[in-house]
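What follows is a set of notes on a single structure, which appears directly below.
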Amino acid sequence: MSVRQEMQPAGAGSAAIAAPLVSIRGLTKQYGGHVANSNIDLDIFPNEVMALVGDNGAGKSTFIKMISGVVTPTSGTIRIAGEPVFMTAPSIAREKGIETLHQNLALVDVFTPQENIFMGREIQRRVLGAIPSLDHAEMRRQTISLFEELGLKAPDMTKMVRALSGGQRQAIGIARLLLDRNVKLIIMDEPMAALGVEESRLVLELIERLRDKGYAVFIISHNLEHVFQIADRIAVLKTGRMVGTVRRADVEHDEVVSMIVGGRMPQRLTSH
Ligand SMILES: Nc1ncnc2c1ncn2[C@@H]1O[C@H](COP(=O)(O)OP(=O)(O)O)[C@@H](O)[C@H]1O
Ligand SMILES: [Mg+2]
């Protein structure tokens with residue numbers, strides 16, 4: 001076994017040496033003879049935004065699917081708060097505080113914001129002697145307070161989500177994840193992909209706010225401009241291998257591009 005260099009956080013609290021929230025070693029996924037992820041090491045710390053970048057087919061989706069329990073690794077270990085976890089189902093990831101915002105958001109278009117947020121977790125009201133009924137007032141109150149926590153104006157509660165903007169829909173998707181108070185790591189797959197400039201800005205601000213609240217955010221993005229705006233660290237994948245992780249503050253845009261294309265760390269830097 002090789003001696004691996006310990007990776008350190010670069011997030012807002014980088015002065016303190018924090019323990020990693022998620023610690024990944026040797027993670028590998030093979031599909032038949034094809035290696036989609038090869039021997040990947042990565043640490044994710046609380047209170048940081050980590051971006052994962054790489055060309056199409058580099059293995060980004062496969063990697064987040066393994067951390068979120070959608071795809072079972074061929075080999076390697078995933079530790080959460082130091083404990084090895086066999087991530088064999090999304091419910092296990094969720095139980096361990098890992099929530100994933102998928103690209104399609106999984107919202108129901110014809111439901112209102114609060115119906116979407118409480119879908120499958122509806123709050124019921126029991127008045128003595130009566131049949132339990134849905135407590136709409138309480139769900140509405142909690143929806144408004146979730147948006148307040150996110151520093152956002154609550155959406156129009158009477159509208160179906162299909163009538164809302166892309167940014168508002170993203171916010172509803174995120175509020176839905178936060179309803180589970182146990183969440184520690186939020187994974188987002190291309191959350192700005194379908195959004196315009198102004199809407200993207202709102203989502204970027206929202207991601208910063210999540211980081212400032214102490215969550216770890218792991219985000220896949222094709223847009224390096226966005227990545228440079230919000231990421232504390234940038235991890236680069238190429239053809240299934242981890243090229244390296246760099247602190248945003250240490251690198252230039254062009255250097256990240258050559259990591260993506262050339263598959264090598266810039267000579268002047270070591271992986272962080
Ligand atoms: N279910 C699968 N079966 C076979 N090959 C797959 C499967 N999923 C992904 N791959 C292959 O693994 C590689 C990485 O894919 P993916 O993780 O989707 O990359 P990215 O998200 O970076 O575009 C690609 O070559 C892709 O064709
Ligand atoms: Mg993908």
Side-chain angles (χ1 to χ4, degrees), residues 22-44 49-78 85-94 98-107 166 169-170 173-174 177 185-195 200 203-204 207 216-231 233-246 248 251 253-265 271:
V22 180
S23 194
I24 289 155
R25 292 294 178 272
L27 206 62
T28 298
K29 180 67 191 179
Q30 279 181 259
Y31 289 109
H34 180 75
V35 186
N37 272 191
S38 173
N39 202 26
I40 292 181
D41 293 349
L42 189 72
D43 286 336
I44 303 170
V49 177
M50 174 140 219
L52 180 64
V53 300
D55 262 341
N56 274 339
K60 304 181 297 295
S61 294
T62 302
F63 184 69
I64 64 162
K65 282 178 189 163
M66 287 194 282
I67 317 177
S68 54
V70 176
V71 156
T72 307
T74 306
S75 58
T77 57
I78 301 173
V85 176
F86 293 100
M87 211 63 93
T88 48
S91 58
I92 296 176
R94 224 168 281 133
I98 298 176
E99 291 278 356
T100 307
L101 190 66
H102 293 287
Q103 225 170 332
N104 62 15
L105 293 179
L107 298 179
R169 293 165 60 90
Q170 285 287 349
I174 291 166
L177 304 185
L185 169 65
I186 299 167
I187 300 173
M188 300 182 189
D189 194 353
E190 296 277 358
M192 279 84 68
L195 303 182
S200 295
V203 175
L204 291 167
I207 291 170
V217 181
F218 191 78
I219 175 176
I220 292 183
S221 178
H222 270 102
N223 187 324
L224 277 189
E225 237 167 81
H226 290 159
V227 166
F228 269 80
Q229 275 176 50
I230 46 160
R233 288 191 299 152
I234 304 168
V236 182
L237 278 180
K238 183 175 166 63
T239 55
R241 292 179 182 278
M242 182 61 74
V243 176
T245 53
V246 287
R248 186 236 354 225
V251 280
H253 188 284
D254 289 355
E255 291 176 308
V256 175
V257 173
S258 42
M259 286 173 76
I260 293 170
V261 178
R264 272 201 303 273
M265 283 287 290
S271 215

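In this chain, residues are counted from 1 in sequence order. Counting convention: from 1, in listed order, for ligands and their atoms alike.
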In terms of residue, atom name and distance, what is the protein heavy atom nearest to [atom]?
| atom | result |
| --- | --- |
| atom 8 (N) of ligand 1 | Tyr31 CE1, 3.4 Å |
| atom 12 (O) of ligand 1 | Ala36 CB, 3.3 Å |
| atom 16 (P) of ligand 1 | Thr62 OG1, 3.6 Å |
| atom 26 (C) of ligand 1 | His34 NE2, 4.4 Å |
| atom 19 (O) of ligand 1 | Gly59 N, 3.1 Å |

Do the side chains of [Y] and [X] get nearer than 4.5 Å, heavy atoms only?
| X | Y | result |
| --- | --- | --- |
| Met50 | Thr245 | yes |
| Ile64 | Phe218 | yes |
| Val217 | Met188 | yes |
| Met259 | Val246 | yes |
| Asp43 | Arg25 | yes |

Any N/O/S atom, side chain or main chain, of Thr62 closer to the Mg ion (ligand 2) than 2.8 Å?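 It does not; every qualifying atom lies at 2.8 Å or beyond.
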Do Gly57 and ligand 1 have an N or O pair less than 3.5 Å apart?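 N/O-N/O distance under 3.5 Å: yes.
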Would you kindly specify which portion of Lys65 sits under 4.0 Å from ligand 1, judged on non-hydrogen atoms: side chain, backbone, both or neither?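 Contact part for Lys65 vs ligand 1: neither.
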Does ligand 1 have a heavy atom under 4.0 Å from the side chain of Asp55, from its backbone, from both, or from neither?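 Under 4.0 Å from ligand 1, Asp55 contributes backbone atoms alone.
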Atom 23 (O) of ligand 1 touched by protein (heavy atom, under 4.0 Å):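 Answer yes: something from the protein, a heavy atom, is under 4.0 Å.
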Distance-minimising heavy-atom pair for Asn56 and His222: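 Heavy atoms of Asn56 and His222 come nearest at OD1-NE2, 3.5 Å.
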Can you give me the closest heavy-atom contact between Gly244 and Met265, atom names plus distance?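 Here Gly244 and Met265 meet closest at CA-SD, 3.8 Å.
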Which atoms of ligand 1 have any heavy atom of Asn56 under 4.0 Å away?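 Ligand 1 atoms under the 4.0 Å threshold to Asn56: 23 (O).
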Mark up the atoms of ligand 1 that fall under 4.0 Å of a heavy atom belonging to Ser61, in ascending order.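 Heavy-atom distances to Ser61 below 4.0 Å select 17 (O), 18 (O), 20 (P), 21 (O).
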Please check this pair: side chain of Thr100 against backbone of Ile98, looking for a donor-acceptor N/O pair closer than 3.5 Å.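 Here the side-chain-to-backbone pair does not exist.
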Quick one: does Gly54 get within less than 4.0 Å of ligand 1, heavy atoms only?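 No, Gly54 has no heavy atom closer than 4.0 Å to ligand 1.
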Side-chain ion pair, Lys60 and Asp55, N-O less than 4.0 Å: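 Salt bridge absent between Lys60 and Asp55.
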